[in-house]
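Here's the structure, in C-alpha coordinates; my notes come after.
All values below were derived from every heavy atom in this structure, side-chain atoms included, with hydrogens, water molecules and symmetry-related copies excluded. To find a chain, count down the sequence lines: A is the first, B the second, and so on, and within it residues start at 1.
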Amino acid sequence: MSTIELVQLPQAYFRHSGDQLDIVFGDVKTEFGLARSAWLEGRLLFLGFYEGDEVSGWDAFTKQLVDAKWRDIDHRATELYQALGQQSNRSVWVCGTAFQRSVWEAISNVPKGKTVSYSDIALAIKNPKAARAVGSALGANNIAYWIPCHRAVRGDGSLGGYRWGLSLKTRILSAEATHL
DNA sequence: TGTGGATCTTGTT
DNA sequence: AACAAGATCCACA
(Lines give C-alpha, C1' and ligand atoms only; values in the text may rest on other atoms or scores of the structure.)
Protein backbone atom coordinates (compact mmCIF):
# COMPACT_ATOMS: atom_id res chain seq x y z
CA MET A 1 0.00 0.00 0.00
CA SER A 2 1.64 3.20 -1.12
CA THR A 3 0.57 6.59 0.14
CA ILE A 4 1.10 10.09 -1.09
CA GLU A 5 1.26 13.16 1.10
CA LEU A 6 0.23 16.54 -0.26
CA VAL A 7 2.14 19.40 1.30
CA GLN A 8 0.88 22.90 0.68
CA LEU A 9 3.56 25.21 -0.65
CA PRO A 10 3.60 28.19 1.70
CA GLN A 11 2.18 31.36 0.22
CA ALA A 12 5.35 33.18 1.22
CA TYR A 13 7.33 31.05 -1.20
CA PHE A 14 5.73 32.91 -4.06
CA ARG A 15 6.83 36.33 -3.11
CA HIS A 16 10.10 37.61 -4.36
CA SER A 17 11.32 38.51 -0.94
CA GLY A 18 13.75 36.93 1.48
CA ASP A 19 15.58 33.75 0.60
CA GLN A 20 15.42 32.51 -2.93
CA LEU A 21 13.92 29.13 -3.62
CA ASP A 22 16.33 26.62 -5.05
CA ILE A 23 14.31 24.84 -7.71
CA VAL A 24 15.76 22.16 -9.93
CA PHE A 25 14.06 20.93 -13.07
CA GLY A 26 14.55 18.60 -15.98
CA ASP A 27 12.91 16.18 -18.37
CA VAL A 28 11.92 12.77 -17.10
CA LYS A 29 11.57 9.55 -19.01
CA THR A 30 8.51 7.79 -17.65
CA GLU A 31 6.81 4.61 -18.75
CA PHE A 32 4.12 6.78 -20.35
CA GLY A 33 6.41 9.16 -22.17
CA LEU A 34 8.51 12.21 -21.63
CA ALA A 35 7.52 14.61 -18.86
CA ARG A 36 8.80 17.91 -17.54
CA SER A 37 9.52 17.96 -13.82
CA ALA A 38 10.47 20.49 -11.17
CA TRP A 39 11.68 19.80 -7.64
CA LEU A 40 12.06 21.77 -4.45
CA GLU A 41 13.85 20.52 -1.37
CA GLY A 42 13.75 16.99 -2.72
CA ARG A 43 10.02 17.08 -3.28
CA LEU A 44 8.18 16.98 -6.56
CA LEU A 45 6.70 20.36 -7.41
CA PHE A 46 5.58 19.91 -11.00
CA LEU A 47 5.17 16.96 -13.32
CA GLY A 48 3.61 17.46 -16.73
CA PHE A 49 3.65 15.29 -19.82
CA TYR A 50 4.79 16.57 -23.15
CA GLU A 51 2.34 16.79 -26.01
CA GLY A 52 4.69 17.37 -28.89
CA ASP A 53 7.00 20.02 -27.51
CA GLU A 54 4.35 21.58 -25.29
CA VAL A 55 3.84 20.95 -21.60
CA SER A 56 0.50 22.27 -20.45
CA GLY A 57 0.88 24.90 -17.77
CA TRP A 58 4.67 24.92 -17.59
CA ASP A 59 5.01 28.56 -18.62
CA ALA A 60 2.36 29.74 -16.20
CA PHE A 61 3.96 27.68 -13.48
CA THR A 62 7.42 29.11 -13.95
CA LYS A 63 6.05 32.64 -14.07
CA GLN A 64 4.51 32.12 -10.66
CA LEU A 65 7.95 31.35 -9.28
CA VAL A 66 9.93 33.66 -11.49
CA ASP A 67 12.10 34.87 -8.63
CA ALA A 68 13.33 31.44 -7.69
CA LYS A 69 16.71 30.10 -8.64
CA TRP A 70 16.16 27.59 -11.46
CA ARG A 71 18.75 24.91 -12.10
CA ASP A 72 18.52 22.49 -15.00
CA ILE A 73 19.62 19.06 -13.82
CA ASP A 74 18.92 17.39 -17.13
CA HIS A 75 19.05 13.60 -17.11
CA ARG A 76 19.40 13.46 -13.34
CA ALA A 77 15.73 14.36 -13.16
CA THR A 78 14.92 10.87 -14.34
CA GLU A 79 17.04 9.39 -11.56
CA LEU A 80 15.25 11.53 -9.01
CA TYR A 81 11.90 10.52 -10.41
CA GLN A 82 12.70 6.83 -10.27
CA ALA A 83 14.31 6.96 -6.86
CA LEU A 84 11.49 8.87 -5.21
CA GLY A 85 8.77 7.23 -7.26
CA GLN A 86 9.34 3.78 -5.84
CA GLN A 87 9.18 4.83 -2.22
CA SER A 88 6.02 3.68 -0.51
CA ASN A 89 5.45 7.04 1.15
CA ARG A 90 5.80 9.80 -1.39
CA SER A 91 5.38 13.47 -0.67
CA VAL A 92 4.72 16.30 -3.11
CA TRP A 93 4.22 20.05 -3.06
CA VAL A 94 0.86 21.41 -4.06
CA CYS A 95 -0.41 24.95 -4.29
CA GLY A 96 -4.13 25.50 -4.48
CA THR A 97 -7.27 26.64 -2.71
CA ALA A 98 -8.82 24.63 0.10
CA PHE A 99 -11.37 23.27 -2.36
CA GLN A 100 -8.71 22.16 -4.82
CA ARG A 101 -6.66 20.49 -2.13
CA SER A 102 -9.65 18.52 -0.89
CA VAL A 103 -10.29 17.33 -4.44
CA TRP A 104 -6.66 16.30 -4.88
CA GLU A 105 -6.70 14.47 -1.55
CA ALA A 106 -9.84 12.65 -2.54
CA ILE A 107 -8.52 11.47 -5.90
CA SER A 108 -5.30 10.38 -4.22
CA ASN A 109 -7.28 7.84 -2.24
CA VAL A 110 -8.56 6.07 -5.32
CA PRO A 111 -6.51 2.89 -5.68
CA LYS A 112 -4.80 1.83 -8.85
CA GLY A 113 -7.13 -0.03 -11.17
CA LYS A 114 -10.22 1.79 -9.93
CA THR A 115 -11.96 4.83 -11.32
CA VAL A 116 -14.46 7.24 -9.82
CA SER A 117 -16.79 9.78 -11.34
CA TYR A 118 -16.45 13.50 -10.86
CA SER A 119 -19.63 13.50 -8.83
CA ASP A 120 -18.34 10.65 -6.67
CA ILE A 121 -15.56 12.97 -5.64
CA ALA A 122 -17.98 15.84 -5.13
CA LEU A 123 -19.92 13.56 -2.81
CA ALA A 124 -16.80 12.46 -0.99
CA ILE A 125 -15.78 16.01 -0.18
CA LYS A 126 -19.31 16.82 0.97
CA ASN A 127 -20.04 19.22 -1.84
CA PRO A 128 -22.39 17.02 -3.81
CA LYS A 129 -23.40 19.50 -6.48
CA ALA A 130 -19.88 20.55 -7.32
CA ALA A 131 -19.08 17.86 -9.88
CA ARG A 132 -18.20 20.38 -12.50
CA ALA A 133 -15.95 22.33 -10.17
CA VAL A 134 -14.26 19.05 -9.30
CA GLY A 135 -13.30 18.69 -12.93
CA SER A 136 -11.83 22.16 -12.95
CA ALA A 137 -9.87 21.45 -9.79
CA LEU A 138 -8.43 18.25 -11.18
CA GLY A 139 -7.40 20.13 -14.28
CA ALA A 140 -5.46 22.54 -12.10
CA ASN A 141 -3.31 19.79 -10.61
CA ASN A 142 0.38 20.25 -11.32
CA ILE A 143 1.48 16.75 -10.37
CA ALA A 144 0.45 14.48 -13.20
CA TYR A 145 0.22 10.75 -12.56
CA TRP A 146 1.43 10.75 -8.93
CA ILE A 147 -1.78 12.54 -8.04
CA PRO A 148 -3.91 10.16 -10.05
CA CYS A 149 -6.32 12.59 -11.61
CA HIS A 150 -6.56 10.24 -14.59
CA ARG A 151 -8.77 7.98 -12.45
CA ALA A 152 -11.68 10.40 -12.66
CA VAL A 153 -14.14 9.73 -15.46
CA ARG A 154 -17.69 10.79 -16.21
CA GLY A 155 -20.66 9.25 -14.51
CA ASP A 156 -21.89 7.73 -17.75
CA GLY A 157 -18.60 5.92 -18.27
CA SER A 158 -17.20 8.24 -20.91
CA LEU A 159 -13.67 9.51 -20.47
CA GLY A 160 -14.05 13.11 -19.46
CA GLY A 161 -11.09 15.39 -19.99
CA TYR A 162 -7.40 15.22 -19.30
CA ARG A 163 -4.98 18.10 -19.16
CA TRP A 164 -2.10 16.10 -20.62
CA GLY A 165 -4.01 14.72 -23.57
CA LEU A 166 -6.91 12.28 -23.76
CA SER A 167 -4.95 9.56 -25.52
CA LEU A 168 -2.54 9.48 -22.61
CA LYS A 169 -5.41 9.17 -20.16
CA THR A 170 -6.67 6.18 -22.09
CA ARG A 171 -3.23 4.64 -22.16
CA ILE A 172 -2.64 5.03 -18.42
CA LEU A 173 -6.07 3.73 -17.51
CA SER A 174 -5.81 0.61 -19.63
CA ALA A 175 -2.33 -0.06 -18.28
CA GLU A 176 -3.61 0.22 -14.72
CA ALA A 177 -6.67 -1.89 -15.45
CA THR A 178 -4.76 -4.83 -16.87
CA HIS A 179 -1.35 -4.63 -15.28
CA LEU A 180 -2.48 -3.60 -11.79
C1' DT B 1 -27.70 10.79 -29.16
C1' DG B 2 -28.10 15.67 -28.19
C1' DT B 3 -29.50 19.91 -26.21
C1' DG B 4 -30.41 23.12 -22.35
C1' DG B 5 -30.51 24.36 -17.70
C1' DA B 6 -28.59 23.78 -13.09
C1' DT B 7 -24.69 24.09 -10.27
C1' DC B 8 -20.03 25.33 -8.20
C1' DT B 9 -15.26 27.28 -8.19
C1' DT B 10 -11.94 30.27 -10.14
C1' DG B 11 -9.59 33.92 -12.68
C1' DT B 12 -10.47 38.36 -14.76
C1' DT B 13 -12.45 42.75 -15.12
C1' DA C 1 -19.30 42.84 -7.34
C1' DA C 2 -20.30 40.79 -11.60
C1' DC C 3 -19.07 37.73 -15.35
C1' DA C 4 -17.46 34.05 -18.23
C1' DA C 5 -15.43 29.65 -18.63
C1' DG C 6 -14.69 24.95 -17.28
C1' DA C 7 -11.72 17.59 -17.28
C1' DT C 8 -20.04 17.69 -15.13
C1' DC C 9 -24.80 16.02 -14.54
C1' DC C 10 -29.67 15.38 -15.19
C1' DA C 11 -34.05 15.49 -17.49
C1' DC C 12 -36.25 15.23 -21.47
C1' DA C 13 -37.16 14.78 -26.40
Side-chain angles (χ1 to χ4, degrees), chain A residues 4-17 21 28 30-38 44-68 90 92-180:
Chain A
I4 183 158
E5 178 195 20
L6 279 47
V7 183
Q8 169 82 332
L9 188 67
Q11 216 21 251
Y13 279 31
F14 286 97
R15 290 196 264 285
H16 62 124
S17 58
L21 300 188
V28 170
T30 81
E31 57 176 313
F32 296 108
L34 197 62
R36 174 62 69 90
S37 73
L44 191 54
L45 183 58
F46 185 100
L47 185 71
F49 289 96
Y50 278 87
E51 301 172 82
D53 53 359
E54 293 286 307
V55 177
S56 168
W58 175 257
D59 289 343
F61 167 73
T62 55
K63 272 190 199 114
Q64 279 190 291
L65 296 159
V66 69
D67 296 304
R90 291 170 296 175
V92 300
W93 293 113
V94 293
C95 42
T97 66
F99 177 82
Q100 290 169 330
R101 289 204 307 277
S102 68
V103 169
W104 299 335
E105 293 278 1
I107 196 67
S108 296
N109 290 328
V110 178
K112 185 191 265 194
K114 257 189 87 174
T115 61
V116 294
S117 74
Y118 296 92
S119 72
D120 285 340
I121 298 177
L123 223 51
I125 64 174
K126 306 210 158 35
N127 200 335
K129 299 184 205 162
R132 188 159 190 178
V134 165
S136 302
L138 289 174
N141 166 38
N142 273 345
I143 314 281
Y145 190 58
W146 281 20
I147 295 179
C149 52
H150 54 275
R151 295 185 191 143
V153 297
R154 292 211 183 121
D156 63 3
S158 59
L159 249 197
Y162 193 55
R163 175 169 171 202
W164 320 105
L166 275 180
S167 66
L168 180 57
K169 184 174 187 175
T170 310
R171 202 141 44 85
I172 296 178
L173 282 179
S174 64
E176 292 191 341
T178 66
H179 198 281
L180 203 65

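Within the model, atoms CD of A:Glu105 and CD of A:Glu5 stand 9.0 Å from one another, a figure rounded to the nearest 0.5 Å. Atom CG in A:Leu159 sits 12.0 Å away from atom NE2 in A:His150 (nearest 0.5 Å). Note that the SG atom of A:Cys149 and the CG atom of A:Asn141 stand 4.5 Å from one another [nearest 0.5 Å]. In this structure, the separation between CZ on A:Arg151 and NZ on A:Lys112 is 7.0 Å, given to the nearest 0.5 Å. Note that the OG1 atom of A:Thr62 and the CG atom of A:Leu65 stand 8.0 Å from one another [nearest 0.5 Å].
One atom, CG of A:Asp156, and another, P of B:dT1, lie 11 Å apart when rounded to the nearest Å. When the C1' atom of B:dT9 is taken as reference, atom CH2 of A:Trp104 falls 12 Å away, rounded to whole Å. A:Leu138 has its CG atom 14 Å from the P atom of B:dT9, to the nearest Å.
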Taking only distance into account, with no hydrogens and no angle test, what donor-acceptor pairs under 3.5 Å do side-chain atoms of residues 44-57 of chain A form with protein atoms, sequence neighbours excluded?
from, atom 1, to, atom 2, distance (Å)
A:Tyr50, OH, A:Asp27, OD1, 2.8
A:Tyr50, OH, A:Asp27, OD2, 3.2
A:Tyr50, OH, A:Arg36, NE, 3.2
A:Tyr50, OH, A:Arg36, NH2, 3.0
A:Ser56, OG, A:Arg163, NE, 3.1

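Taking the six-membered ring for Trp and thresholds of 30 and 60 degrees, A:Trp58 and A:Phe61 have ring planes inclined between 30 and 60 degrees apart.
Within 4.0 Å (heavy atoms only), A:Gly155 reaches sugar-phosphate atoms of the nucleic acid but no base atom. Nucleic acid contact class of A:Arg154 (heavy atoms, under 4.0 Å, all strands): sugar-phosphate only.
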List the steps and the verdict of side-chain contact (heavy atoms from CB on, under 4.5 Å) for A:Trp93 and A:Asn142. CA-CA 9 Å; A:Trp93 293 113; A:Asn142 273 345; over 6 Å; no
A correct dot-bracket answer for DNA chain C, with pairs being Watson-Crick or G-U at under 3.5 Å, [ ] for crossing pairs and | for inter-strand pairs, is ||||||.||||||
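Pairing each heavy atom of A:Gln100 with each of A:Ala140, the nearest pair is NE2-CB, 3.7 Å.
Among pairs with a residue in residues 120-139 of chain A, those fulfilling side-chain hydrogen bond (donor to acceptor under 3.5 Å, both in side chains) read A:Ser117-A:Asp120, at least two apart in sequence or across chains.
For A:Ala152, the side chain to side chain contact (heavy atoms under 4.5 Å, CB included) partners two or more places apart in sequence, or in a different chain, are A:Ile107, A:Tyr118, A:Ile121, A:Leu138.
Listed by residue number, the members of residues 115-132 of chain A with any heavy atom below 4.0 angstrom from DNA chain B are A:Asn127, A:Lys129, A:Ala130, A:Arg132.
The span of DNA chain C lying next to chain A, judged by atoms under 4.0 Å from heavy atoms, is bounded 5' to 3' by C:dG6 to C:dC9.
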